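Notes follow the structure.
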Amino acid sequence: MPQPLSKTYFENDDVVFLAKDLIGKQLTTHINGVITSGIITETEAYAGQGDKACHAHLGRFTKRTKVMYESGGIAYIYLCYGIHHLFNIVTNTKGNADAILVRAIEPTLGIDIMQERRGKSKVDKTLTSGPGNISKALGISKSHNTQSVTSDNIWIDDIGYKPSNIKETTRIGIDYSGEDAELPWRFYDKDSKFVSVK
DNA sequence: GCGACGATCCGCT
DNA sequence: GCGGATCGTCGCG
């Protein structure tokens, strides 16, 4: 039976553990009466103020980043390249700006809706791989910023599935982060084809 | 006020 | 493999 993850789960202070633990969980949105879901296949951990790749590095506190400092279990969504709404889950306790970027899912429910939102006639990895693409497929936009991910609109279920081959590797698109770009804080299910970059 | 650019994606070559 | 799309945010002045 699907077991919704609680707010307490997201208040864990180990964002790297959580990023890995979320692989295999099911992310669902319920928007305008429509349900769409997918199994999380790829994530990245961003470890707050001490992480050069994190938007809250060195305690940067702006209108955009302030949501990251909230208590875990809410969404941090921001516009990237003026086009893509990237979906993150804020974690850790209030004052710690940790977050997890969800980079890919394997579609499970409402696949036809996701195809419609993405303008795709076929179901292949491009439907829900890549952080911009999953937001579009799930109907997530900036209006969901700061919203709870333990709610009736967005939630994550433990469906009793644990991938046996989780690859740990470096994060994508953060070359500006110096040595922190080398950290193995990106995780993906090796056995899934729904991964942005192998 | 303003210029530069990004945790990306897609289409064309 | 490469460049354009497209705009909010940020840092500087």
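In the text below, chain A, chain B and the rest are named by the order of the sequence lines, each starting its count at 1. All values reported here derive from a predicted model rather than from experimental measurement.
- Counting only Watson-Crick and G-U wobble pairs whose two key distances fall under 3.5 Å, DNA chain B forms stems of three or more stacked pairs at B:1-6 with C:7-12, B:8-12 with C:1-5.
- Picking from C/dT6, B/dC9, C/dC10 the nucleotide with the shortest atom distance to the side chain of A/T65 gives C/dC10.
- The distance between the ring centers of A/H55 and A/Y46 does not fall below 6.0 angstrom.
- Taking for each of A/I83 and A/K142 the nucleotide of DNA chain C with the nearest heavy atom, the 5'-most of the two is the partner of A/I83.
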N/O donor-acceptor pairs under 3.5 Å from side chains in residues 82-89 of chain A, not counting sequence neighbours:
{"unit_1": "A/H85", "atom_1": "ND1", "unit_2": "A/K142", "atom_2": "N", "d": "3.3"}
{"unit_1": "A/N88", "atom_1": "ND2", "unit_2": "A/Y76", "atom_2": "O", "d": "3.2"}

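- Put simply, A/R118 has a side-chain N or O that comes within less than 4.0 Å of OP1 or OP2 on B/dC10.
- Side chain to side chain, A/E11 and A/S71 meet the donor-acceptor criterion of an N or O pair below 3.5 Å.
- Taking a centre distance below 5.5 Å and an interplanar angle below 30 degrees as the stacking criterion, A/Y78 does not stack against the six-membered base ring of C/dG8.
- Between A/Y176 and the phosphate of B/dG6, there is no side-chain N or O to OP1/OP2 separation shorter than 4.0 Å.
- A sub-4.0 Å separation between OP1 or OP2 of C/dC10 and a side-chain N or O of A/R64 is present.
- Within a 6.0 Å sphere centred on NZ of A/K193, other residues, nucleotides and ligands contribute 12 heavy atoms or fewer.
- Put simply, the side chain of A/V15 reaches to within 4.5 Å of the side chain of A/I100, judged on heavy atoms.
- Whole-Å rounding puts the A/E42 CD to B/dT8 C1' distance at 13 Å.
- The distance from atom CG of A/N133 to atom C1' of B/dC10 is 9 Å, rounded to the nearest whole Å.
- Atom C1' of nucleotide B/dA7 and atom CD1 of A/I172 are separated by 9 Å, given to the nearest angstrom.
- Residue A/R103 places at least one side-chain N or O closer than 4.0 Å to OP1 or OP2 of B/dT8.
- Contact annotation: A/K63 side-chain N/O to C/dG11 OP1/OP2 distance is not under 4.0 Å.
- Going from atom NE2 of A/H85 over to atom C1' of B/dC9 covers 13 Å, rounded to whole Å.
- The interatomic distance linking A/H55 (NE2) with B/dC5 (P) rounds to 16 Å, in whole Å.
- Using a 4.0 Å heavy-atom cutoff across all strands shown, A/I174 reaches sugar-phosphate atoms only and no base atom.
- Computed from coordinates, the A/K125 NZ to B/dT8 P distance equals 14 Å when rounded to whole Å.
- For C/dT9, neither phosphate oxygen OP1 nor OP2 lies less than 4.0 angstrom from any side-chain nitrogen or oxygen of A/T62.
- If you take OH of A/Y46 and P of B/dA7, they are 7 Å apart, rounded to a whole angstrom.
- Comparing the C1' positions of C/dG3 and B/dC5 gives a spacing of 15 Å, expressed to the nearest Å.
- In this structure, A/S129 and A/L79 both approach DNA chain B, and ranking their closest nucleotides by distance from the 5' end singles out A/L79.
- Interface remark: the A/H84 side chain does not form any donor-acceptor pair with the B/dA7 base, using a distance-only criterion of under 3.5 Å.
- Atom C1' of nucleotide B/dG6 and atom OH of A/Y76 are separated by 11 Å, given to the nearest angstrom.
- Nucleic acid contact class of A/L101 (heavy atoms, under 4.0 Å, all strands): base.
- Side-chain N/O atoms of A/R60 include none lying less than 4.0 angstrom from OP1 or OP2 on C/dT9.
- The cationic atom of A/R64 (NZ for Lys, CZ for Arg) lies less than 6.0 Å from the six-membered ring centre of A/Y78 and within 45° of the ring axis.
- Judged purely by distance below 3.5 Å, without hydrogens or angles, the side chains of A/D13 and A/N92 never pair a donor atom with an acceptor atom.
- By the 4.5 Å heavy-atom criterion applied to side chains, A/R186 and A/T43 are not counted as neighbours.
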